[in-house]
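Beneath this line is the structure, given in structure tokens, with notes to follow.
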Number of protein chains: 2
Amino acid sequence: MITNKNCIIRLSRYKNALYRLQALGFVKVFSDNLADAVGGTASQVRKDFSIFGISGNKKGGYQIDSLLEKLNSILGKDQLQKVIVVGAGHIGSALMRYRGFEKEGIKIIAGFDIDPAKINRSNPIPVLPLEEIKAFIKTNNIRIAILAVPDIAAQQAADMICAAGVKGILNFAPLGLKGAEGCIINNVNVEIELENLIYFVNVTEKTRKA
Amino acid sequence: MITNKNCIIRLSRYKNALYRLQALGFVKVFSDNLADAVGGTASQVRKDFSIFGISGNKKGGYQIDSLLEKLNSILGKDQLQKVIVVGAGHIGSALMRYRGFEKEGIKIIAGFDIDPAKINRSNPIPVLPLEEIKAFIKTNNIRIAILAVPDIAAQQAADMICAAGVKGILNFAPLGLKGAEGCIINNVNVEIELENLIYFVNVTEKTRKA
DNA sequence: TTGTTATTGTGAAAAACGGAACAATATGAT
DNA sequence: ATCATATTGTTCCGTTTTTCACAATAACAA
Ligand SMILES: NC(=O)c1ccc[n+]([C@@H]2O[C@H](COP(=O)([O-])OP(=O)(O)OC[C@H]3O[C@@H](n4cnc5c(N)ncnc54)[C@H](O)[C@@H]3O)[C@@H](O)[C@H]2O)c1
Ligand SMILES: NC(=O)c1ccc[n+]([C@@H]2O[C@H](COP(=O)([O-])OP(=O)(O)OC[C@H]3O[C@@H](n4cnc5c(N)ncnc54)[C@H](O)[C@@H]3O)[C@@H](O)[C@H]2O)c1
């Protein structure tokens, strides 16, 4: 089984690049085109495909449409993914308003908040009270949740939704959560990303001077 | 030179964990405490420190305050980092309102937008018209920018701010940007993070069944 | 048909990474 | 003072990941 997160991220990037190429009218693609498009090497593109048993045509490259089918199937994009957002504050509501997920087959179907003032059942994407979350997860068979609550509430909220049946959490709170058994937690940590960027900017600047 | 992004991310995590330990009243820490706190191994903690010439005391562990000083210096946190936000839409304004960066010594000092309706000079963090961005970057010696414009505008905006002197971009648009020479681009791609999470949830589910 | 060329698919080499092990040693106990 | 113990710092080793290299072969040209 593949455990290499970077490899799967590359598959997503290939997929996105392929859609762009397709939109530009391309029908087939070579490994080095894709490598250019995502900023990698042609070898790696072919190796990644090889791992998943994807093959192209000697001298003919890859057929974009069939390649996309295979990547989409690997990435689980052949079925709509229903997602909930926990915490309808700044980040949570930005995500709920974002249209970009739909073209990816990801649909945020509800938000949840502890603050009564945030509740809104008549929204296209309703914001519901936290008390209803457990039942909602079970009824709608929700497996993926986005966690956008304040840091202090994050662990507790994570525990709760794991217990209710959620299998994967995308956590925006800048702290490491202990995942319950059988629940995967991925983090989006903007602070750390910025810090990282600052570090590398500083070192390249320093080494450039030297 | 260190090129291992994960290693630097671990330093950030150590740093954050250390602040939490310090707030709890701890004065010294052992490598295995830190490992626990961030979900790693004690060996790796020591190795990471060793790479940067950080040393502790045999049998005495590490002095938290001096450790923090060293980590902060490595991570460039000994000086305030001024950052601008390009694109004051949903994500951009969520980031501008976010208080969490300050405690990290990161200060968003202005936003920029092409839409006149978004301009607001009297905000604590002003939103300025795009025409002023070049001069602003030069005057304020801005090195880091957060890019939160629509996908279609992202490459052009990146080119512009690179040309104006920005050295690092944290890009929220879900596409790979070509960085100008001497400008580092890091991406925060929520779609891909979700996709990744979905993939791993799917495969663990499948292998669990089998 | 034959030869030439471009491109894949993969096995092998290299590099990067992380973890285990252990010698060195400071600390505290007796 | 001596010993036992805990913990670091670093070397070594296995694994993972990336890159290299090239044989296999499909497409095309002559
Ligand atoms: N806003 C940003 O730009 C930004 C950037 C980086 C990280 N973050 C992180 O994202 C998280 C959310 O940030 P934000 O700015 O959206 O905060 P926010 O305060 O605007 O929103 C948090 C929301 O969560 C709700 N809430 C609180 N406890 C809850 C619970 N137990 N269950 C459900 N809802 C609950 C609150 O009522 C509020 O509506 C924080 O952890 C923050 O550190 C935010
Ligand atoms: N909102 C989200 O939750 C979310 C999630 C994932 C990714 N993203 C990505 O983040 C980016 C921004 O998303 P958003 O939801 O904030 O969009 P938005 O439309 O709310 O905001 C974009 C802002 O950029 C401004 N803008 C347009 N062209 C510009 C230019 N050339 N220079 C400066 N400003 C310009 C617009 O006036 C607008 O205010 C997009 O690339 C989107 O794909 C957003």
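In what follows, chains are A, B, ... by sequence order, proteins preceding strands, each numbered from 1.
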Main-chain N/O of B:Glu104 paired to B:Lys77 side chain as donor or acceptor, under 3.5 Å: yes
Sugar-phosphate only, base, or nothing, as touched by A:Thr41 at under 4.0 Å among non-hydrogen atoms: sugar-phosphate
A:Gln44 vs D:dT19: side-chain N/O to OP1/OP2 distance below 4.0 Å: yes
B:Asp36 side chain to B:Asn33 backbone, donor-acceptor under 3.5 Å: no
Donor-acceptor pair, side chain of A:Ser50 and main chain of A:Arg46, under 3.5 angstrom: no
With A:Lys118 via side-chain hydrogen bond (donor to acceptor under 3.5 Å, both in side chains) - residues at least two apart: none
Donor + acceptor pair across side chains of A:Gln155, A:Asp159 (<3.5 Å): yes
Counterpart residues, side-chain contact (heavy atoms from CB on, under 4.5 Å), relative to B:Tyr98 (two or more places apart): A:Pro174, A:Glu191, B:Phe101
Selection: residues 46-74 of chain A, any non-hydrogen atom under 4.0 Å of DNA chain C: A:Arg46, A:Lys47, A:Ser50, A:Ser55, A:Gly56, A:Asn57, A:Lys58, A:Lys59, A:Gly61, A:Tyr62
Heavy atoms from other residues, nucleotides or ligands near CD of B:Gln156 exceed 12 (cutoff 6.0 Å): no
Selection: residues 1-39 of chain B, any non-hydrogen atom under 4.0 Å of DNA chain C: B:Asn4, B:Arg10
Where chain B begins and ends its contact with DNA chain C, read 5' to 3' at 4.0 Å from heavy atoms: C:dC17 to C:dT27
Donor-acceptor contact below 3.5 Å, side chain A:Asn171 vs main chain A:Ala173: yes
side-chain contact (heavy atoms from CB on, under 4.5 Å) against A:Glu69, all qualifying residues, sequence neighbours excluded: none
Salt-bridge contact B:Arg13-A:Glu195 (side-chain N to carboxylate O under 4.0 Å): no
